Amino acid sequence: LSGWALAEQREAEAGIARLQQGLAAWRDTESVLALPWILAMLAEAYATAGQAEEGLGALAEALTTADKTGERMWESELHRLKGELLLMQGEGVAEAKSCFRQALETSRRQQAKSLELRAAMSLSRLWRQQGKKSEARETLQEIYGWFTEGFDTADLQDAKALLEELA
């Protein structure tokens, strides 16, 4: 977690190094429990560092592990992050859109509203770039409207700002 926190504080290289150390220690235990989550944090750190290819590699392993173990807690976020990293590469817009839709479907199936909000924001940002503002706003507003508290959290503040941009 400290590696992820470092990356979030824009110390991406130090964060990646610490995450890799933690991942190696985790692997030494031969446990696969929570491995998709750890790999998701690593992929986020790679994204912060602008290393999309490495992030996609971490996500590929995370998705494979989730399929093998049945651990689905972070599945939605894995797909969302994959879409973000594909966009970071400047290619794969259609595949990124598919990843965001899969993240939305998964989070809805799991009734994970916070992850659904993140997926909706990613899809809405893509649609905004494509000039589909009304679709973007409608998708995001539907999910944002579900929340009745927590408006001081970063995700809800980001969603509100995005909705204002789409107005």
Side-chain angles (χ1 to χ4, degrees), residues 1-5 7-9 12 15 19 22-23 26 32-48 52 54-89 92-130 132 135-166:
L1 284 174
S2 65
W4 174 82
E8 287 294 303
Q9 295 171 355
L19 275 159
L23 183 58
W26 191 260
V32 291
L33 182 66
L35 189 56
W37 173 58
I38 296 168
L39 290 164
M41 287 189 290
L42 181 59
E44 261 189 294
Y46 280 130
T48 300
E54 291 84 350
L56 288 167
L59 290 174
E61 181 182 352
L63 287 163
T64 299
T65 302
D67 284 343
K68 286 180 183 176
T69 64
E71 185 179 340
R72 303 283 182 210
M73 187 171 90
W74 283 101
E75 183 180 11
S76 172
E77 190 68 351
L78 297 175
H79 290 293
R80 187 191 72 79
L81 288 169
K82 182 178 178 182
E84 292 290 352
L85 287 165
L86 288 167
L87 291 177
M88 185 182 284
Q89 286 185 317
V93 173
E95 188 179 354
K97 181 179 168 184
S98 176
C99 288
F100 297 149
R101 287 187 182 277
Q102 190 164 5
L104 269 173
E105 290 170 17
T106 301
S107 58
R108 286 178 178 154
R109 185 177 66 249
Q110 294 175 341
Q111 298 179 356
K113 288 294 183 187
S114 291
L115 296 178
E116 184 178 351
L117 180 68
R118 284 183 175 189
M121 283 193 295
S122 290
L123 183 58
S124 293
R125 284 186 191 107
L126 176 60
W127 280 341
R128 177 188 62 195
Q129 291 172 352
Q130 294 177 331
K132 299 176 182 179
E135 288 175 84
R137 181 168 176 72
E138 183 180 314
T139 298
L140 185 55
Q141 183 63 54
E142 175 187 340
I143 296 155
Y144 182 82
W146 181 88
F147 290 88
T148 59
E149 59 187 359
F151 293 103
D152 57 341
T153 62
D155 284 341
L156 284 171
Q157 288 177 357
D158 289 348
K160 181 180 179 184
L162 182 54
L163 282 169
E164 289 170 358
E165 286 177 32
L166 294 169

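Positions are given from 1 along the sequence. What you see is a predicted model; the values in this text were computed from it and never measured.
Residue Gly150 comes nearest to Leu156 through the heavy atom pair O-CD1, 3.0 Å, listed as atom of the first residue, atom of the second, then distance. Annotation for Ala119 and Arg80: closest pair N-CD, 3.7 Å, computed over non-hydrogen atoms. Across Ala159 and Leu140, no two heavy atoms sit closer than the pair O-CD2, 3.8 Å. Between Leu19 and Met41, the shortest heavy-atom contact is CD1-O, 3.7 Å. What you find for Leu59 and Leu81 is that their closest heavy atoms are CD1-C, 3.6 Å. Nearest approach of Leu86 to Gly92, heavy atoms of both residues: CB-O, 4.3 Å.
Side-chain contact check for Gln129 versus Val93: every heavy-atom pair is 4.5 Å or farther apart.
Between the side chain of Trp26 and the backbone N or O of Leu33 there is at least one donor-acceptor pair closer than 3.5 Å. For Thr64 (side chain) and Ala60 (main-chain N/O), a donor-acceptor pair under 3.5 Å exists by modelled atom type.
Annotation for Trp4: atom CH2 does not count as buried by contact number, only 12 or fewer foreign heavy atoms lying within 6.0 Å. A 6.0 Å sphere centred on CD of Gln89 holds more than 12 heavy atoms belonging to other residues, nucleotides or ligands.
Note that CG of Leu23 and CD1 of Ile38 are 6.5 Å apart. Values are rounded to the nearest 0.5 Å. A distance of 9.0 Å separates CD in Gln130 from CD in Glu135, rounded to the nearest 0.5 Å. Of the inter-residue distances, the one linking Leu166 atom CG with Lys132 atom NZ reads 14.0 Å to the nearest 0.5 angstrom. For the atom pair Thr139 OG1 and Trp127 CH2, the distance stands at 4.0 Å (nearest 0.5 Å). Rounding to the nearest 0.5 angstrom, the gap separating the CD atom in Glu44 from the CD atom in Glu8 is 5.5 Å. Note: Leu126 CG to Cys99 SG = 11.0 Å, rounded to the nearest 0.5 Å.
For residues 143-165, the set of pairs meeting the side-chain hydrogen bond (donor to acceptor under 3.5 Å, both in side chains) definition, not counting sequence neighbours, comprises Arg118-Asp155, Arg128-Glu165. Each side-chain hydrogen bond (donor to acceptor under 3.5 Å, both in side chains) pair with one or both residues in residues 104-115, not counting sequence neighbours, appears once here: Arg108-Glu116, Lys113-Glu116.
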Derivation of the side-chain contact (heavy atoms from CB on, under 4.5 Å) call for Leu115 and Trp74: CA-CA 9 Å; Leu115 296 178; Trp74 283 101; 3.9 Å; yes
What do the steps show when you test Glu71 against Leu35 for side-chain contact (heavy atoms from CB on, under 4.5 Å), and what is the final call? CA-CA 9 Å; Glu71 185 179 340; Leu35 189 56; 5.8 Å; no
Is there a side-chain contact (heavy atoms from CB on, under 4.5 Å) between His79 and Arg101? Walk through the geometry before answering. CA-CA 9 Å; His79 290 293; Arg101 287 187 182 277; over 6 Å; no
Between Phe100 and Leu87, does the side-chain contact (heavy atoms from CB on, under 4.5 Å) criterion hold? Intermediate values first, please. CA-CA 11 Å; Phe100 297 149; Leu87 291 177; 3.8 Å; yes
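For Arg72, the side-chain hydrogen bond (donor to acceptor under 3.5 Å, both in side chains) partners at least two apart in sequence or on another chain are Asp67.
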